[in-house]
Amino acid sequence: MRIASWNINSIRVREDLLLDWVRRVEPDVLCLQETKVVDDEFPTDELMRLGYAVAMSGQPSYNGVAILAKRPISAIRIGLAGEGPTAERRAIAATVGGVRVLNVYVPNGKSIESPSFVEKLRWLERLRLTLDTLESADTPLVLCGDFNICRDDRDVYAPDLYRGQLHFHPDEQRALNRVLDFGLVDTFRERHAEGARYSFWDYRAAAFRRNEGMRIDYVFASRALLPRLKDCDIDNEPRHADKPSDHTPVVADFTD
DNA sequence: ATGGTAGTCGAACTA
């Protein structure tokens, strides 16, 4: 079972790139972030023609998450525990092929001095609360998405430049570790110890050409699912496109 | 080169 996560940065602009990638990689589950469309404008028909069912939670202009699956989708849940209908669309969960899948787009935080940074930390606390109250690490579960946090020095191209700054601040690293303490493991790190493997490169300053990136997108697996992990890797190919997303997909393979 | 680039929406905000 192949489960992938990709911050697509506007599904309207990236529709052809997405469909080409899906045809080539054929994920069983694809979690998308930053779709930036309301549900009516989501390319549901095109994806259905490729055999995918779609669960989505969109909003105008910003955010928006979706889960695409080649197998039937059930138990769809929009948002985090306790969120009202006006909350930003940053989380969606669904069950596919016996695996509980949580797809999240963690707030960026803007800067460590910003109130948005505090909101980012609180959002991660609510994610942990959602796991504690509604999920179990003793069943097959994947938590994936754009977390906007580098976990350690290997995950950022210039650790000494970014240390203590946004995406690489101990407060957000601690908040993410509290989420993982639920019973989740970084599947990429289970298979790859090397640094300089990134999932995001800023559009500016030829960052991708220089491989000046960050690993901020993850596929985490519950301790119950981890024994089924075959591999996890980052697919840089779509970042070479004419109009790429600034993120590239993370792909994890599990035995059925 | 004295910020850079991209998306949304149609000025300014987000990333």
Side-chain angles (χ1 to χ4, degrees), chain A residues 5-21 30-43 46 56-66 79-80 83 86-92 103-124 127 144-151 155-159 161-169 171-173 175-176 198-218 234 236-250:
Chain A
S5 176
W6 192 5
N7 180 320
I8 197 76
N9 186 21
S10 169
I11 199 167
R12 275 189 299 236
V13 172
R14 235 67 71 188
E15 182 176 330
D16 290 344
L17 183 65
L18 170 68
L19 296 175
D20 286 348
W21 188 81
L30 175 56
C31 294
L32 296 173
Q33 305 88 35
E34 285 205 89
T35 53
K36 297 186 174 180
V37 289
V38 296
D39 293 358
D40 285 349
E41 295 172 41
F42 199 92
E46 291 78 0
M56 63 194 133
S57 177
Q59 69 176 75
S61 307
Y62 302 114
N63 308 313
V65 286
L80 298 182
E83 279 185 346
T86 59
E88 292 183 333
R89 306 298 208 227
R90 294 179 176 275
I92 187 168
N103 173 23
V104 299
Y105 172 46
V106 176
N108 172 289
K110 288 196 177 80
S111 78
I112 61 163
E113 298 86 6
S114 168
S116 299
F117 187 71
V118 179
E119 288 305 311
K120 180 181 196 174
L121 302 178
R122 289 190 181 140
W123 200 94
L124 288 162
L127 174 57
C144 66
D146 175 2
F147 289 77
N148 272 311
I149 299 166
C150 303
R151 299 196 58 219
D155 299 329
V156 54
Y157 74 94
L161 181 66
Y162 280 89
R163 203 178 312 282
Q165 299 302 313
L166 187 68
H167 303 302
F168 201 48
H169 190 283
D171 289 352
E172 50 189 336
Q173 291 171 324
L176 178 54
Y198 308 126
S199 64
F200 161 83
W201 301 260
D202 196 286
Y203 284 121
R204 293 165 287 190
F208 180 61
R209 184 174 57 73
R210 302 161 181 259
N211 196 30
E212 295 181 346
M214 293 178 168
R215 192 173 75 99
I216 56 177
D217 301 85
Y218 301 96
I234 301 171
N236 281 12
E237 193 272 341
R239 193 61 177 75
H240 287 94
D242 281 343
K243 285 180 75 70
S245 168
D246 42 1
H247 297 250
T248 207
V250 184

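Lettering of chains follows the sequences in order, A, B, ..., and the numbering in each one begins at 1. Basis for what follows: all heavy atoms, side chains included, without hydrogens, waters or symmetry-related copies.
Of the residues near DNA chain B, A:D146 and A:P60, the one whose nearest nucleotide (by heavy atom distance) lies more toward the 5' end is A:P60.
Between A:W201 atom CH2 and B:dA6 atom P there is a gap of 16 Å when expressed in whole angstrom units. Atom P of nucleotide B:dT8 and atom CD1 of A:I11 are separated by 11 Å, given to the nearest angstrom. If you measure from atom CG of A:L17 to atom C1' of B:dA6, you get 15 Å, rounded to the nearest angstrom. For the pair A:N108 CG and B:dC13 P, the computed distance is 16 Å after rounding to whole Å. Rounded to whole Å, the distance from CG on A:D246 to P on B:dT8 is 12 Å. In this structure, CD of A:E15 is placed 15 Å from P of B:dG7, rounded to the nearest angstrom. Between A:Y203 atom OH and B:dA15 atom P the separation is 14 Å, expressed in whole Å. In this structure, A:Y62 atom OH and B:dG7 atom P are separated by 14 Å, rounded to whole Å.
Of the side-chain N and O atoms in A:S10, one or more sit less than 4.0 angstrom from OP1 or OP2 of B:dT8. For B:dT14, one of the phosphate oxygens OP1 or OP2 lies less than 4.0 angstrom from a side-chain nitrogen or oxygen of A:K110. Contact annotation: A:K36 side-chain N/O to B:dA6 OP1/OP2 distance is not under 4.0 Å. Between A:R14 and B:dG7 there is a side-chain polar atom (N or O) within less than 4.0 angstrom of OP1 or OP2.
Of all heavy-atom pairs between A:R151 and A:L176, the closest is CG-CD2, 4.0 Å. Contact between A:I234 and A:R215 at its shortest, heavy atoms only, is CD1-CD, 4.1 Å.
For the C1' atoms, the distance from B:dT2 to B:dA15 is 23 Å, rounded to whole Å. Nucleotides B:dG3 and B:dG7, compared at atom P, are 23 Å apart to the nearest Å. One C1' atom belongs to B:dA1, the other to B:dT5, and the distance between them is 15 Å to the nearest Å. Rounded to whole Å, the C1' atom of B:dG4 lies 16 Å from the corresponding atom of B:dT14.
A:W21 pairs by the ring-ring contact (aromatic ring centres under 6.0 Å, His included) definition with A:W6, not counting sequence neighbours. Under the ring-ring contact (aromatic ring centres under 6.0 Å, His included) criterion, A:F147 pairs with A:Y218, A:F220, not counting sequence neighbours. Take A:E83 and apply the side chain to side chain contact (heavy atoms under 4.5 Å, CB included) test, not counting sequence neighbours, and it matches A:L80, A:A87, A:W123, A:R126. For A:R210, the side chain to side chain contact (heavy atoms under 4.5 Å, CB included) criterion is met by A:A206, A:E212, not counting sequence neighbours.
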Side-chain donor-acceptor distances from residues 110-117 of chain A under 3.5 Å, at least two apart:
{"from": "A:K110", "atom 1": "NZ", "to": "A:S116", "atom 2": "OG", "distance (Å)": "3.2"}
{"from": "A:S111", "atom 1": "OG", "to": "A:E113", "atom 2": "N", "distance (Å)": "3.4"}
{"from": "A:S111", "atom 1": "OG", "to": "A:E113", "atom 2": "OE1", "distance (Å)": "3.2"}
{"from": "A:S111", "atom 1": "OG", "to": "A:S114", "atom 2": "N", "distance (Å)": "3.4"}
{"from": "A:S114", "atom 1": "OG", "to": "A:S116", "atom 2": "N", "distance (Å)": "2.9"}
{"from": "A:S114", "atom 1": "OG", "to": "A:S116", "atom 2": "OG", "distance (Å)": "3.3"}

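When heavy atoms are screened at a 4.0 angstrom cut-off, A:F200 is found touching no nucleic acid atom at all. Counting non-hydrogen atoms under 4.0 angstrom, A:R90 reaches the backbone sugars and phosphates but no base.
With hydrogens and angles left out, the side-chain atoms of A:K36 and A:N9 include a donor and acceptor closer than 3.5 Å.
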Report all interatomic pairs (protein N or O, nucleotide N or O of nucleotides 2-4 of chain B) with separations under 3.5 Å.
{"from": "B:dG4", "atom 1": "O6", "to": "A:R204", "atom 2": "NH1", "distance (Å)": "3.4"}

